[in-house]
Amino acid sequence: MNQIRVLTVCLGNICRSPAAQGILSSEAAKRGMNLTLDSAGTAAYHVGNLPDSRSIAALQKIAIDITDQRARQVSESDFDEFDWILAMDRDNLRNLKKIKPAKCRAKVVMFGEFTSGQTYGEVDDPYYDGEQGFIIMRQHLMDISQAFLDHLEMLNQTDS
Ligand code: 4NP
């Protein structure tokens with residue numbers, strides 16, 4: 001499979017998108033898939049920060065370490081550096097579309113709607129929830145990630 005570049009995006013880049021990056025990285029590795037992954041936020045509130053401790057803990061429970069990640073804000077150059085830019089919710093997608101160049105490489109979609117005709121919904125912001133919200137987020141991200149990786153594998157088979 002050719003290398004595929006994927007950027008996951010949420011608001012603050014400390015809860016959902018770093019968790020999505022960590023899950024995609026772990027699950028892609030299990031499948032032997034060659035992905036380049038990163039994550040970013042539409043807002044700059046937490047630039048330079050570690051992921052939220054509740055995201056770190058929720059993923060540690062399934063043996064995924066995301067403590068090497070630091071928050072950054074999405075930039076215009078991302079639209080040509082990535083093949084996929086995956087927004088966690090509709091607000092994130094709307095904000096991405098405001099800065100998306102008219103012509104760019106990336107397919108910019110909601111993560112839960114990476115392919116038309118099928119929806120896994122928005123990944124709700126768990127920032128104001130307790131620990132349980134982060135477990136629900138983790139399961140939702142895992143379900144979408146498996147479906148997304150299936151989709152990439154299917155596209156790869158169609159191409160070759
Ligand atoms: P995230 O969650 O977008 O999943 O990283 C949030 C993180 C921080 C804030 C909101 C949501 N905040 O308002 O600071």
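Whatever order the structure lists them in is the order used to number ligands and atoms, beginning at 1. In what follows, residues are counted from 1 in the order of the sequence shown. As the structure is a computational prediction, the values presented were derived from the model and not from experiment.
Taking every non-hydrogen atom of Tyr128 and a distance limit under 4.0 Å, the qualifying atoms of ligand 1 come out as 13 (O). Those atoms of ligand 1 with a heavy atom of Cys15 less than 4.0 angstrom away are 1 (P), 2 (O), 4 (O), 5 (O). Close approach of ligand 1 to Cys10 (heavy-atom distance below 4.0 Å) involves ligand atoms 1 (P), 3 (O), 4 (O), 5 (O). Atoms of ligand 1 found under 4.0 Å from any heavy atom of Leu11, numbered from 1 in the order shown, are 3 (O), 10 (C), 11 (C). Interface atoms of ligand 1 facing Gly12, defined by a heavy-atom separation under 4.0 Å, are 1 (P), 3 (O), 5 (O). Proximity to Arg16 (heavy-atom distance under 4.0 Å) selects the following atoms of ligand 1: 1 (P), 3 (O), 4 (O).
For the salt bridge (charged side-chain N to carboxylate O under 4.0 Å, His left out) with Arg105, the lone residue among Asp80, Asp78, Asp83 that qualifies is Asp83. For the pairing with Pro126, the side-chain contact (heavy atoms from CB on, under 4.5 Å) check across Arg138, Glu131, Arg16, Arg54 returns one residue only, Arg16.
Distances from ligand 1 to the non-hydrogen atoms of His46 include at least one value under 4.0 Å.
Atom 2 (O) of ligand 1 has Asp125 OD1, 3.3 Å as its closest protein atom, hydrogens excluded (heavy atom only). Protein heavy atom closest to atom 12 (N) of ligand 1, with residue, atom name and distance, is Tyr127 CE2, 3.5 Å.
In summary, the aromatic rings of Tyr120 and His140 are positioned with their centroids too far apart to meet the 6.0 Å limit.
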